[in-house]
Amino acid sequence: MDYSNFFINRTTPEIARDLLGRTLSYNTGSEILSGIIVEAEAYVGSKDRAAHSYGGHRSPANEGLYGPGGTLYIYAQRQYFFFDVATQEKDIGQGVLIRAIHPLSGINTMIKNRHGKSGVLLTNGPAKLMQAFGITSRKWDCHFIGESPFDIDLSSKKKIKHISAVARVGINQSDPIWAKKPLRFIVSGNPYVSDIKKKDIDPDFGFDKN
DNA sequence: TAAATGATTAGCT
DNA sequence: GCTAATCATTTAC
């Protein structure tokens with residue numbers, strides 16, 4: 001399966017769910033930084049109040065969302081960056097936000113990028129994850145993932161004990177219908193998922209053995 | 001040209 | 001747990 005098929009032939013929430021347990025990597029030029037995706041949110045286009053493409057809104061800033069499935073959408077806010085992958089055909093404003101990863105390789109470099117912070121603080125938030133990768137510009141915005149230093153392993157993924165679908169965070173509560181949609185997918189028990197309760201942390205990080 | 005607005009994080013209580 | 005910081009983009013005038 002190539003990127004185009006993976007990001008187009010299904011609904012966006014289905015894609016977000018399927019991304020959990022897969023490996024996201026970034027090639028810095030001298031080393032590979034990678035981690036397992038443990039939290040992702042779906043943004044389903046013009047009907048979605050929480051999406052940047054709500055109401056069909058389109059501007060140079062969110063152009064990446066309208067690219068064909070597999071196009072990267074790097075968004076800047078509060079001097080931090082978010083990492084999205086556009087889904088569906090070109091001109092459809094849907095996408096998946098990668099919110100958290102479980103670090104696998106290049107951890108020392110990530111700690112350095114995060115100014116010494118380690119443990120779950122390393123990547124348990126969308127902006128933290130980008131900082132750990134050393135992303136400081138929108139250079140890769142609107143680029144196809146296959147033509148960027150980023151890579152998502154589509155050929156294999158870790159087995160997950162349980163995937164939870166929960167309400168998204170930080171969205172306009174004035175519209176309870178969309179505010180409560182379960183479009184945020186997480187690996188239950190993984191400590192790198194944001195907002196997890198200590199007692200809910202699973203010793204196997206939420207992954208099945210082997 | 002100016003003011004409002006967050007797909008948030010960090011730091012303090 | 002709660003509040004402030006901080007800035008690109010958007011929206012209003």
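Numbers restart at 1 for each chain; the letters A, B, ... are given by sequence-line order, proteins then strands.
By the 6.0 Å and 45° rule, A:R58 stacks over the aromatic ring of A:Y66.
Counting non-hydrogen atoms under 4.0 angstrom, A:L183 reaches nothing in the nucleic acid. Counting non-hydrogen atoms under 4.0 angstrom, A:R184 reaches nothing in the nucleic acid. Looking at heavy-atom distances under 4.0 Å, A:H57 makes contact with sugar-phosphate atoms alone, never a base.
Taking atom CZ of residue A:R49 and atom C1' of nucleotide B:dT5, one finds them 14 Å apart after rounding to whole Å. For the pair A:Y43 OH and B:dG6 C1', the computed distance is 11 Å after rounding to whole Å.
Heavy atoms of other residues, nucleotides or ligands lying less than 6.0 angstrom from CD of A:E14 number more than 12.
Using a 4.0 Å cut-off between charged side-chain N and carboxylate O, A:D48 and A:R168 make a salt bridge. A:R10 and A:D18 are joined by a salt bridge, as a carboxylate oxygen and a charged side-chain nitrogen come within less than 4.0 angstrom of each other.
With B:dA7, C:dT9, B:dT9 as the candidates, the nucleotide lying closest to the side chain of A:K128 is B:dT9. Side chain of A:S59, nearest nucleotide from B:dA7, C:dC7, C:dT10: C:dT10. The side chain of A:F82 lies closest to B:dT8, out of C:dT10, C:dC7, B:dT8. When distances are taken from the side chain of A:Y73 to each of B:dT9, B:dA7, C:dT9, the shortest belongs to B:dA7. Distance from the side chain of A:Q79 is smallest for C:dC7 among the nucleotides B:dT8, B:dA10, C:dC7.
The ring of A:F150 has its center closer than 6.0 angstrom to the ring center of A:F83. Between A:F205 and A:H102, the distance from one ring center to the other falls under 6.0 angstrom.
Here A:R168 does not reach the OP1 or OP2 of B:dG6: none of its side-chain N or O atoms lies under 4.0 Å away. Dashed line: the shortest gap from a side-chain N or O of A:R114 to OP1 or OP2 of B:dA10 is under 4.0 Å.
In this structure, NZ on A:K117 lies 10.5 Å from CG on A:L122, to the nearest 0.5 angstrom.
In DNA chain B, stems built from 3 or more consecutive Watson-Crick or G-U wobble pairs, each with both distances under 3.5 Å, span B:1-6 with C:7-12, B:8-12 with C:1-5.
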